[in-house]
Amino acid sequence: SIPLIFLMGRSLFNTRVGLFAASFLAFSSWHLFWSQNARSYVFTFLFAMLAAWSFYLALERDRWMLMACSLIAAILLILSHTLSAMLIPALAGYVISLGMLPLQRPAGIRPRNLLIFFLPFALPSILLALPNFRHYLFSGWGLNEWGRNPLYVLFTLVHGLSVPIAVTAFFTSLAKPIERAKWFLICYAGVPLVLFLIASRLLNVAGYYLFFTAPAYFLLAAIGCDHIWGSKKMHPRSAGFCPAWSLL
């Protein structure tokens, strides 16, 4: 995952962003914890990163084979942790939002590429017409015995990422300009978080389920650090001081 997030950061932005993101991941206690755990969350991180990266490149380069690779990675992601399927609405939200924002549409947004990825996930929704399937799917809804509310989910995510990474990623998402690659990461990080915060009122969900979105936060924080690095190079008399609000 460490070399892959470097390559992803370099391909979306530049080498320095890739190095920052790889460093954040290498020293992440959250990633280290799941790497030593018998549960498969470390694979959700890997497969989510591969699925998101391939999806973005497929749209940018108009390559159906990259979209097929993204589909395979997304299936492996869902097999590693079912609730990681929230990545699919994030990618769909990115595609839909490009038609509503003043951002140039990539060449790969056309029916062939989109059907390759989304159609295999849309077909199972037909099963919702079966009463037995609906009962099985929603039988556990409304149970939240551990009292995991939205604040708990949010604090767990921030604690896992670390406060510096979470804060830097947040301010970076607000900084201008918001180019297409950064907007993609905002959708990758933000849509699952919003869906989990809403679901926490109905289901027993935990913040660590959002571990599959950690690559987006690491990359957003890396963009912020790259911006600060550039501003320090432009202002050598700052004597090493760069206020946090310089991101804005």
message = If you compare all heavy atoms of L98 against all heavy atoms of P106, which two are closest, and at what distance to 0.1 Å?
response = CD1-CD, 3.6 Å

Distance-only donor-acceptor hits, side chain of residues 43-56, under 3.5 Å, sequence neighbours excluded:
| from | atom 1 | to | atom 2 | distance (Å) |
| --- | --- | --- | --- | --- |
| T44 | OG1 | Y41 | O | 2.5 |
| W53 | NE1 | S11 | OG | 2.9 |
| S54 | OG | L50 | O | 2.8 |

Side-chain touch T172/H227, heavy atoms, less than 4.5 angstrom = no

key: side chain to side chain contact (heavy atoms under 4.5 Å, CB included) between R201 and N149, worked out   = CA-CA 6 Å; R201 306 306 299 169; N149 55 41; 3.7 Å; yes

task = Quick one: pull up CG in L12 and CG in L185 and give me the separation to the nearest 0.5 Å.
result = 6.0 Å

query = Hey, does H81 have a side-chain heavy atom less than 4.5 Å from the side chain of F212?
reply = no

inquiry  = As an exercise, state the distance from OG of S1 to CH2 of W34, rounded to the nearest 0.5 Å.
reply    = 15.0 Å

task = Answer whether the closest heavy-atom distance between the side chains of S200 and V205 falls below 4.5 Å.
result = yes

request  = Could you tell me whether the side chain of R63 reaches within less than 4.5 Å of the side chain of L57, counting heavy atoms only?
outcome  = no

ask   = Can you check side chain to side chain contact (heavy atoms under 4.5 Å, CB included) on L66 and L59, steps first, answer last?
value = CA-CA 9 Å; L66 282 173; L59 295 183; over 6 Å; no

key: Atom pair OG1/CG of T156 and L161 - distance to nearest 0.5 Å   = 11.0 Å

request  = Rounded to the nearest 0.5 Å, what's the gap from CG on L76 to OG on S84? Could you check?
outcome  = 12.0 Å

request  = Might you point out which heavy atoms bring G224 and T168 nearest each other, and give the distance in Å?
outcome  = CA-CG2, 4.4 Å

Side chain to side chain, L77 and L87, heavy atoms closer than 4.5 Å = yes

key: Beyond-backbone contact of L219 with Y188, side-chain heavy atoms, under 4.5 angstrom   = no

ask   = Honestly curious: do I2 and F24 fall in one hydrophobic cluster under the side-chain, below-4.5 Å linking rule?
value = yes

query = So how far is it from S97 OG to L103 CG, rounded to the nearest 0.5 Å?
reply = 7.5 Å

ask   = Is any side-chain heavy atom of L91 closer than 4.5 Å to a side-chain heavy atom of C187?
value = no

note = All heavy atoms of G108 vs all of N113, minimum pair found to be O-ND2, 2.8 Å

inquiry  = Is there a path of hydrophobic side-chain contacts, each under 4.5 Å between heavy atoms, that joins L32 and L157?
reply    = no

ask   = Which heavy atom of I165 sits nearest a heavy atom of A221, and at what distance?
value = O-CB, 3.9 Å

Transitive ILVMFWY side-chain link V194 to V158, under 4.5 Å = no

task = Measure across E179 and P177 and return the closest heavy-atom pair with its distance rounded to 0.1 Å.
result = OE1-O, 3.1 Å

ask   = Are the side chains of F6 and T15 in touch, meaning some heavy atoms are under 4.5 Å apart?
value = yes

query = Are I96 and V191 in one and the same hydrophobic cluster, where Ile, Leu, Val, Met, Phe, Trp and Tyr link if side-chain heavy atoms are under 4.5 Å apart?
reply = no

message = Please check this pair: side chain of R10 against backbone of R16, looking for a donor-acceptor N/O pair closer than 3.5 Å.
response = no

request  = To the nearest 0.5 angstrom, please state how far the CH2 atom of W64 sits from the CG atom of L114.
outcome  = 15.5 Å

ask   = Is the Y208-W30 ring centre distance short of 6.0 angstrom?
value = no

message = I need the minimum non-hydrogen distance between S173 and I178, along with the two atoms involved.
response = O-CD1, 3.7 Å

query = For F218, which residues count as a ring pair (Phe, Tyr, Trp, His ring centres under 6.0 Å) partner, sequence neighbours excluded?
reply = none

ask   = Should I88 and L115 be counted in the same cluster of Ile, Leu, Val, Met, Phe, Trp and Tyr side chains packed under 4.5 Å apart?
value = no

query = Would M67 and R112 satisfy side chain to side chain contact (heavy atoms under 4.5 Å, CB included), going step by step from the backbone distance to the final call?
reply = CA-CA 10 Å; M67 191 63 79; R112 181 196 65 181; over 6 Å; no

request  = With side chain to side chain contact (heavy atoms under 4.5 Å, CB included) as the test, would you mind laying out the steps for K182 and I223 before giving the verdict?
outcome  = CA-CA 8 Å; K182 191 168 81 169; I223 298 168; 4.2 Å; yes

